[in-house]
Amino acid sequence: MHTVEKIGGTSMSRFDEVLNTIFIGNRDKSELYQRVFVVSAYAGMTNMLLEHKKTGEPGVYERFADATNEDAWLEALDKVLEAMQRKNAELFSGEYERQAADRFIEGRIGDVRECMRSLQHLCTYGHFQLTEHLMKVREMLASLGEAHSAFNTVLALKKHSVNARLVDLTGWNLSEPKTFQNMIADSFKGIDLSRELVVATGYTHCSEGLMNTFDRGYSEITFAQIAAETGAREAIIHKEYHLSSADPTLVGVDKVVTIGRTNYDVADQLSNLGMEAIHPKAARTLRRAGIQLRIKNAFEPEHGGTLISQDYCSERPCVEIIAGRKDVFGLEIFDQEMLGDVSYDMEITKILKQLRLYVVNKDSDANSITYYASGSRKMINRASRLIEERYPMAEVRVHNIAIVSAIGSDLKVKGILAKTVAALAEAGISIQAIHQSIRQVEMQCVINEDDYDAAVAALHQALIEPEKHGDVIVAA
């Protein structure tokens with residue numbers, strides 16, 4: 001009967017709006033329950049606790065790991081506390097709620113401060129190395145952001161006479177860690193969802209260590225596991241936008257169409273392009289549990305959003321989404337000795353994996369392989385050098401490229417290749433490579449990086465706009 005719903009950090013930072021659209025809104029008392037919310041930290045908090053996701057500016061964790069200035073991380077932690085207290089004052093005008101929120105986070109941060117000081121002192125002895133404990137420190141710091149927002153959410157809901165319950169998955173007072181599955185299963189035992197609205201932390205402390213595998217993508221993994229473990233009717237992710245036929249800033253708000261229905265295969269294609277509707281491992285958990293996922297705009301609660309299921313396929317072949325990414329390099333390896341030697345691909349893939357470069361796609365002919373990889377220029381150049389060392393006869397070239405894709409649950413559209421090539425040619429865009437698999441859910445065009453924005457607009461105009469879908473492509 002219940003849903004499990006995730007709210008991201010940007011939406012949580014607009015809490016008054018979210019309270020009036022998602023948590024309470026116009027619902028009567030009977031409609032408030034049968035819902036579990038998984039909340040992220042407020043926007044910017046995890047950046048301050050760890051490091052800035054985009055700029056790399058160090059937060060508490062990076063300063064602690066650096067250890068060249070022992071006081072730098074303490075100053076950064078004090079700034080986090082000040083930011084959290086400012087957020088509490090912004091959320092709560094009443095003295096009781098604000099003091100309760102301040103006491104909670106002051107206690108958590110005080111514990112973290114003492115723990116990190118003790119660890120720092122311990123690691124002055126030769127038998128203990130700081131590097132061996134850094135991942136635990138990273139997880140502990142990350143948990144503060146989710147604990148802060150989850151506690152405040154419960155406090156605000158209770159103020160509005162909602163019977164809200166905090167499920168703290170951070171393992172703060174746990175004597176020893178449990179497995180991920182057991183941590184969630186045990187935390188939800190005995191909860192009557194028909195009478196309680198549950199707010200859970202996006203971070204889960206477990207023996208496997210979520211951040212070892214997922215780093216900052218852990219909240220969607222928690223969300224999916226809660227949905228699977230509790231047998232949710234539906235999983236919902238509230239975002240700041242609709243899942244649409246293209247980026248409205250490139251195509252125009254008046255031209256994009258909301259996607260009403262699609263499938264997990266399409267969601268995975270978007271993830272491969274760095275445009276995650278949901279983390280692919282979280283999608284796998286939901287898919288295996290037979291749970292449908294709905295993507296909704298947090299600030300348009302009446303809109304049905306996008307329903308993602310395993311078996312959906314459009315009634316007729318069509319392009320649903322034009323997407324892509326610009327942060328891609330074409331790593332081209334030519335070697336006359338390559339033909340018939342299958343080890344080339346395996347060895348080069350191993351090098352790229354070691355450097356944590358993400359391979360979006362690749363193509364090959366008799367004497368060359370090109371990898372379309374996402375990562376920093378520094379790591380790409382390093383990969384190039386390592387490949388040249390491994391294969392001295394090879395010629396390695398790096399190209400600045402972008403990928404633009406046409407995606408659909410059934411892309412067997414007659415003449416799609418001709419339409420695509422014609423549309424890009426008409427826009428003055430040269431295609432460097434093109435990929436379409438037999439499965440026909442995606443067609444990728446490799447183009448010059450500078451042509452990306454124009455290519456998205458051109459393909460949307462040629463492949464989606466003539467279909468006259470209206471406001472939504474198949475309403476959910």
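Just so it is clear, the model here is predicted, and its values are computed rather than measured. In this chain, numbering begins with 1 at the start of the sequence shown.
- When the shell of 6.0 Å around OH of Tyr358 is examined, it contains more than 12 heavy atoms from other residues, nucleotides or ligands.
- A salt bridge links Lys326 with Asp453; the closest basic N to acidic carboxylate O contact falls under 4.0 Å.
- Looking at Glu90 and Lys87, a side-chain N of the basic residue comes within less than 4.0 Å of a carboxylate O on the acidic one, giving a salt bridge.
- The environment of CG in Asp192 is crowded: more than 12 heavy-atom neighbours from other residues, nucleotides or ligands sit within 6.0 Å.
- Across Val18 and Ser11, no two heavy atoms sit closer than the pair CG2-O, 3.1 Å.
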| message | Determine whether Thr230 and Val36 satisfy the following criterion, side chain to side chain contact (heavy atoms under 4.5 Å, CB included), listing intermediate values before the conclusion. | response | CA-CA 10 Å; Thr230 61; Val36 175; 5.6 Å; no

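- Judged purely by atom type and a 3.5 angstrom limit, Ser314 has no side-chain atom pairing as donor or acceptor with the backbone of Ser409.
- Counting only distance, with no hydrogens or angles, the side chain of Thr222 and the backbone of Gly202 share a donor-acceptor pair below 3.5 Å.
- In this pair, Phe64 and Trp73 present their aromatic rings perpendicular. The plane angle is above 60°, beyond the 30 to 60° band.
- Here His435 pairs with Tyr372 under the ring pair (Phe, Tyr, Trp, His ring centres under 6.0 Å) rule; sequence neighbours left out.
- A distance-only check finds no donor-acceptor pair linking the side chain of His160 to the backbone of Val162 [under 3.5 Å].
- Taking the six-membered ring where tryptophan is involved, the planes of His242 and His303 are tilted, since the angle between them lies from 30° to 60°.
- Taking all atoms of both residues into account, the shortest heavy-atom contact from Thr153 to Phe15 is OG1-CE1, 3.7 Å.
- One N or O on the side chain of Ser13 and one on the backbone of Ala43 form a donor-acceptor pair closer than 3.5 Å.
- Nearest heavy atom pair, residue Ala100 against residue Leu155, reads CB-CD2, 4.1 Å.
- Comment: Arg117 engages Glu114 in a salt bridge, judged by a side-chain N to carboxylate O separation of less than 4.0 angstrom.
- In this structure a side-chain-to-backbone donor-acceptor pair under 3.5 Å is present from Glu208 to Phe180.
- Contact record, Leu157 with Leu19: CD2-CD1, 3.9 Å, taken as the closest heavy-atom pair.
- Comment: Glu106 does not engage Arg113 in a salt bridge, judged by the lack of any side-chain N to carboxylate O separation of less than 4.0 angstrom.
- Environment of NZ in Lys412: sparse, with no more than 12 heavy atoms of neighbouring residues, nucleotides or ligands closer than 6.0 Å.
- Heavy-atom minimum distance, Phe223 versus Val4: CE1-O, 3.2 Å.
- Closest heavy-atom contact between Leu32 and Phe23: CD2-O, 3.7 Å.
- In this structure, Lys178 places its NZ atom where more than 12 heavy-atom neighbours from other residues, nucleotides or ligands lie under 6.0 Å away.
- In this structure, Glu132 places its CD atom where more than 12 heavy-atom neighbours from other residues, nucleotides or ligands lie under 6.0 Å away.
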